[in-house]
*Asks:* 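Mind having a look at this structure? Questions to follow.
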Protein chains: 2
Amino acid sequence: MDGRSQGQRGNGRVTLTEVAKRAGVSRSAVSFVLNGRTDQRLSADTSNRVRRAAEELGYSPNTTAKTLRTGSSGTVALVSDFIGTTSFANSMVRGVLESLHDADALLYTVDTQGESSLESRLLLSLINRDVDGIIYGSMFTRTVAVPALLRNAPFVLLNCVSDDSDTTAVIPDEVAAGATAATALLSAGHHDHIWFVGVFPPGATGGAAWHNWSPLALAERLQGIDTALSAAGTKLAGRAMIDDDWDVANGRSSVAKLLASGATPSALICVNDAVGVGAYQALQAAGLRVPDDMSVISFDGSPLTTAVLPTLTSVTLPHEALGRLAAQLLLSGTTVPRIHRVPMPLTLGHSISTPPATR
Amino acid sequence: MDGRSQGQRGNGRVTLTEVAKRAGVSRSAVSFVLNGRTDQRLSADTSNRVRRAAEELGYSPNTTAKTLRTGSSGTVALVSDFIGTTSFANSMVRGVLESLHDADALLYTVDTQGESSLESRLLLSLINRDVDGIIYGSMFTRTVAVPALLRNAPFVLLNCVSDDSDTTAVIPDEVAAGATAATALLSAGHHDHIWFVGVFPPGATGGAAWHNWSPLALAERLQGIDTALSAAGTKLAGRAMIDDDWDVANGRSSVAKLLASGATPSALICVNDAVGVGAYQALQAAGLRVPDDMSVISFDGSPLTTAVLPTLTSVTLPHEALGRLAAQLLLSGTTVPRIHRVPMPLTLGHSISTPPATR
DNA sequence: CTGAAAGCGCTTACAG
DNA sequence: CTGAAAGCGCTTACAG
């Protein structure tokens with residue numbers, strides 16, 4: 001018995017050998033012709049015969065065999081905590097796929113749920129399949145430790161950075177985003193009554209849902225805001241705290257508390273869209289209109305921005321562009337390790353106007 | 001020159017041959033031990049030596065070689081129009097991944113953007129890589145034509161059906177969902193003033209954005225609604241049209257028009273959450289409160305439901321369960337071709353109350 | 001210009 | 001009980 005009798009192949013798939021037989025040439029010749037190798041100077045007649053035979057038989061080379069021989073599989077993996085399975089941040093996959101499309105590579109999507117033993121198992125499984133590269137990503141922007149196994153393949157960090165100096169990373173430019181938000185309000189005439197909504201309570205580094213995720217976004221957005229305001233000769237009037245996750249209900253209660261405190265904001269910079277939507281609800285309950293009585297701007301640029309009236313102006317996470325760039329860097333065999341910061345564009349809604357005359 | 005000198009391998013990866021050498025046994029023995037084949041009755045001593053050698057060398061078998069030999073790759077592909085890259089429906093990926101996790105299989109995510117030439121290229125690419133099965137999905141529920149290439153591998157349809165009688169498909173139970181929505185309103189005391197919001201204009205089969213997608217959802221939800229209402233001795237008071245896509249702005253204008261028409265609805269069944277949110281906005285503009293003046297229920301169960309106040313009650317698309325079941329069926333080598341309908345649970349918000357006394 | 005041969009790293013029927 | 005050999009379907013240096 002030979003292998004064929006057990007192999008799941010023999011399912012009718014045509015092999016290179018059969019093409020060679022039909023064309024009356026050697027298998028080498030078929031390989032050379034079909035891979036367009038011109039350095040072998042095959043006769044035009046041979047080429048034609050091979051091509052015709054391949055066509056007639058409907059031949060398509062087996063990639064597994066090719067991979068075993070060449071060591072390159074034409075596949076890339078996106079390994080992340082939750083990117084593949086969470087709607088937020090998911091458009092990073094679209095960006096990755098776009099870049100891979102041009103390179104004719106296939107994508108493995110792998111979510112580890114943040115469990116490191118699962119992560120190791122999956123990384124090993126990918127490496128054993130000879131993946132050409134790995135995009136190691138995070139759903140939210142943060143600092144990660146590079147798993148040892150990751151170094152068995154070329155890799156690029158997506159939406160996260162590491163403390164190692166030899167890595168290539170792609171993250172959104174959150175500092176510039178903070179400045180963009182502040183500038184949008186300054187341009188509209190706001191100055192001394194701008195509040196930020198969404199800092200954590202003292203000692204906390206993030207919500208329970210993401211086990212102390214310590215998002216880079218918060219610190220960097222604040223830094224950009226502070227810089228822009230101080231360049232304009234002012235600063236934040238205050239920072240409202242959010243207890244736990246950055247969601248609608250917490251945004252609502254945070255802003256309700258702020259309004260009840262006697263503070264007199266003219267504009268709110270909300271740490272994300274959900275908090276911004278919560279702010280809308282608190283403002284409405286207090287009889288304040290957006291944007292006439294209060295301007296609001298937030299970060300993320302999610303679908304929530306168009307679910308409210310007036311639509312919410314938001315500094316947008318460039319998820320698709322992040323994914324696209326990460327895949328490009330990986331495929332191009334990026335040389336210089338460094339952090340690439342992708343700009344966060346301002347998506348205009350109708351939530352900003354000049355401050356009320358009374359302030 | 002042998003192959004090794006050109007192969008990308010020789011990157012330090014340990015092979016089975018090296019394990020055999022270190023353990024002082026044949027390669028067959030190593031393979032048998034590591035694959036737990038007991039029918040060979042290897043000595044306990046041999047087994048231990050092999051296991052220790054493998055451990056010491058950090059051996060992990062190359063899956064590409066295994067695949068070439070056995071014909072099975074331990075991979076599954078999710079091929080769809082937009083599932084992998086759109087936030088809506090994306091949790092189907094999570095369900096698929098959950099099932100694959102148990103089977104220790106890896107997932108290729110492939111989006112075709114609905115382009116059939118791209119689809120063919122990608123399917124061929126997957127088949128050439130010996131995928132064990134393909135989940136062929138659609139972002140929204142509809143009837144698809146099964147591509148010929150798909151038949152080169154076991155496959156299951158996810159969130160779509162075909163006219164072929166030999167296929168296995170998994171879709172949400174939209175008919176029952178319609179009944180669920182109607183029943184929720186009937187139980188609250190609504191009867192003769194229930195309106196549906198979201199039918200297409202005469203002759204249209206869907207919005208421009210999805211090139212006439214002809215969603216099954218619409219017809220089936222309406223059917224379920226009609227059945228439940230008629231069992232209660234009533235029927236829809238009317239059906240409000242939506243011009244194009246089922247989005248917030250169109251929902252708002254549709255309901256605004258309805259209210260201006262002199263109709264006296266006590267409850268609205270909105271075709272999806274976005275339209276429901278639009279309905280909220282139109283109601284608020286008209287000075288009507290949800291749920292005191294008007295009850296609202298919708299379909300999808302998306303994050304939009306918690307972005308409004310009061311939160312929106314919605315019959316939820318079981319995306320995760322759909323994905324999980326499709327992958328399970330694929331892995332279990334499903335036998336009987338049939339359509340599996342997954343229940344759509346009711347996600348309670350606060351948008352339903354008894355009808356106002358005036359009606 | 002072309003073909004025979006080796007080899008990628010596995011699995012497995014078969015002979016001892 | 002174990003080992004040598006064949007084979008999965010390719011690619012490629014090398015000899016003619």
Side-chain angles (χ1 to χ4, degrees), chain A residues 1-21 23-47 49-50 54 57 59-74 127-130, chain B residues 1-21 23-47 49-50 54 57 59-74 127-130:
Chain A
M1 279 297 112
D2 63 10
R4 163 170 284 273
S5 58
Q6 307 107 35
Q8 265 57 330
R9 231 163 273 103
N11 46 14
R13 297 238 24 206
V14 179
T15 69
L16 178 140
T17 304
E18 300 172 55
V19 176
K21 203 168 296 173
V25 301
S26 71
R27 291 152 69 213
S28 337
V30 175
S31 177
F32 289 141
V33 169
L34 264 27
N35 289 314
R37 284 194 49 168
T38 53
D39 53 327
Q40 300 291 325
R41 292 188 295 158
L42 296 154
S43 70
D45 178 52
T46 301
S47 291
R49 284 218 312 283
V50 168
L57 294 171
Y59 174 67
S60 185
N62 178 281
T63 308
T64 302
K66 212 171 214 169
T67 300
L68 181 59
R69 187 57 170 80
T70 64
S72 145
S73 63
I127 291 161
N128 287 336
R129 283 178 172 82
D130 302 310
Chain B
M1 282 294 112
D2 63 10
R4 163 171 285 273
S5 59
Q6 307 107 34
Q8 264 59 326
R9 231 166 271 104
N11 47 13
R13 298 242 19 209
V14 178
T15 69
L16 178 142
T17 304
E18 300 172 55
V19 176
K21 203 168 296 173
V25 301
S26 72
R27 291 153 68 212
S28 335
V30 176
S31 178
F32 289 142
V33 170
L34 265 26
N35 289 317
R37 286 195 48 170
T38 53
D39 54 328
Q40 301 292 322
R41 293 189 293 157
L42 295 154
S43 70
D45 177 53
T46 300
S47 289
R49 285 218 312 282
V50 166
L57 294 172
Y59 174 67
S60 185
N62 178 280
T63 309
T64 303
K66 212 171 214 168
T67 300
L68 181 59
R69 188 57 172 77
T70 65
S72 147
S73 63
I127 291 160
N128 287 337
R129 284 180 172 81
D130 302 310

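Within every chain, numbering begins at 1; the chains are lettered A, B, ... in the order of the sequence lines, protein sequences first and strands thereafter. Excluded from the calculations below are hydrogen atoms, water molecules and symmetry mates; all remaining heavy atoms, backbone and side chain alike, are included. None of the values given here were measured: they were computed from a predicted structure.
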*Asks:* To the nearest 0.5 Å, what is the distance between OG1 (Thr46(A)) and CZ (Arg49(A))?
*Replies:* 5.0 Å
*Asks:* What nucleotide among dG3(C), dC1(D), dG9(D) has an atom nearest to a side-chain atom of Val25(A)?
*Replies:*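 The answer is dG3(C).
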*Asks:* For Arg37(A) and dC10(D), give me the distance from atom CZ to atom P, rounded to whole Å.
*Replies:* 17 Å
*Asks:* Where each residue is assigned the nucleotide of DNA chain C containing its nearest heavy atom, which of Ala65(B) and Ala29(B) is assigned the position nearer the 5′ end?
*Replies:*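 Mapping each residue to its closest nucleotide by heavy atoms, the 5'-most match is Ala65(B).
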*Asks:* Below 4.0 angstrom from OP1 or OP2 of dT11(C), is there any side-chain N or O of Lys66(B)?
*Replies:*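 For dT11(C), OP1/OP2 do have a side-chain N/O of Lys66(B) under 4.0 Å.
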*Asks:* Is any side-chain N or O of Thr70(A) closer than 4.0 Å to OP1 or OP2 of dC10(D)?
*Replies:*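 For dC10(D), neither OP1 nor OP2 has a side-chain N or O of Thr70(A) closer than 4.0 Å.
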*Asks:* Send over the distance from Glu18(A) CD to dC8(D) P, rounded to a whole Å.
*Replies:* 11 Å
*Asks:* So which heavy atom on Ala65(B) is nearest to which on Leu68(A), and how close?
*Replies:*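 That closest heavy-atom pairing would be CB-CD1, 3.8 Å.
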*Asks:* Map Gly24(B) and Thr17(A) onto DNA chain D by nearest heavy atom, then report which one ends up closer to the 5' terminus.
*Replies:*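 First, find each residue's nearest nucleotide; the 5'-ward one identifies Gly24(B).
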*Asks:* For the pair made of CG in Asp130(A) and P in dC8(C), what is the distance, rounded to whole Å?
*Replies:* 14 Å
*Asks:* So how far is it from Leu16(A) CG to Leu57(A) CG, rounded to the nearest 0.5 Å?
*Replies:* 11.0 Å
*Asks:* Could you state the atom-to-atom distance from CZ of Arg49(B) to P of dC1(D) in whole Å?
*Replies:* 14 Å
*Asks:* Just how far, in rounded Å, is P of dG3(D) from CG of Leu16(B)?
*Replies:*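 The answer, rounded to whole Å, is 13 Å.
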*Asks:* The side chain of Arg69(B) is closest to which nucleotide in this list: dA4(D), dC10(C), dT11(D)?
*Replies:*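 The answer is dC10(C).
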*Asks:* Establish, with yes or no, whether the OP1 or OP2 oxygen of dC8(D) is under 4.0 angstrom from a side-chain nitrogen or oxygen of Asn62(A).
*Replies:*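 Looking at the OP1 and OP2 atoms of dC8(D), neither is under 4.0 Å from any side-chain N or O of Asn62(A).
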*Asks:* Taking only the side-chain nitrogens and oxygens of Tyr59(B), find out if one of them lies under 4.0 Å from OP1 or OP2 of dC10(C).
*Replies:*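 Yes, such a contact exists.
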*Asks:* To the nearest Å, how far apart are Phe32(A) CZ and dT2(C) C1'?
*Replies:* 9 Å
*Asks:* Can you check whether Ser31(B) has a side-chain N or O nearer than 4.0 Å to OP1 or OP2 of dT11(C)?
*Replies:* yes
*Asks:* Thr63(B) near the nucleic acid: base, sugar-phosphate alone, or nothing, with a heavy-atom cut-off under 4.0 Å?
*Replies:* nothing
*Asks:* Given dT12(C), dC10(D), dC1(C), identify the nucleotide with an atom nearest to the side chain of Ser43(A).
*Replies:* dC1(C)
*Asks:* Do the side chains of Val25(B) and Val30(B) get nearer than 4.5 Å, heavy atoms only?
*Replies:* yes
*Asks:* Where the side chain of Ser28(A) is defined as all heavy atoms beyond and including C-beta, which of dA13(C), dT11(D), dG3(C) is the nearest nucleotide?
*Replies:* dG3(C)
*Asks:* Could you measure the distance from the OG atom of Ser47(B) to the CG atom of Leu34(B)? Nearest 0.5 Å is fine.
*Replies:* 9.5 Å
*Asks:* Given atom CZ of Arg27(B) and atom C1' of dT2(D), what is their separation to the nearest angstrom?
*Replies:* 14 Å
*Asks:* Would you say Asp130(A) and Thr67(A) are linked by a side-chain donor-acceptor pair, where the criterion is simply a distance under 3.5 Å?
*Replies:* no
*Asks:* Give the dot-bracket string for DNA chain D, reading 5' to 3', where a pair is Watson-Crick or G-U wobble with both distances under 3.5 Å, ( ) marks pairs inside the strand, [ ] marks pairs crossing earlier ones, | marks a partner on another strand, and . marks unpaired.
*Replies:* |||.||||||||.|||
*Asks:* As a test of reading the structure: which of dG9(D), dG3(C), dC1(D) is closest to the side chain of Leu68(A), going by heavy atoms?
*Replies:* dG9(D)
*Asks:* For Ser31(B), does its backbone N or O pair with a side-chain atom of Arg37(B) as donor and acceptor, under 3.5 Å?
*Replies:*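 Between the backbone of Ser31(B) and the side chain of Arg37(B) there is no qualifying donor-acceptor contact (under 3.5 Å).
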*Asks:* What's the CG-P distance between Asn128(A) and dG9(C), to the nearest Å?
*Replies:* 12 Å
*Asks:* Could you grab the distance from atom CZ of Arg129(B) to atom OG1 of Thr64(B), nearest 0.5 Å is fine?
*Replies:* 10.5 Å
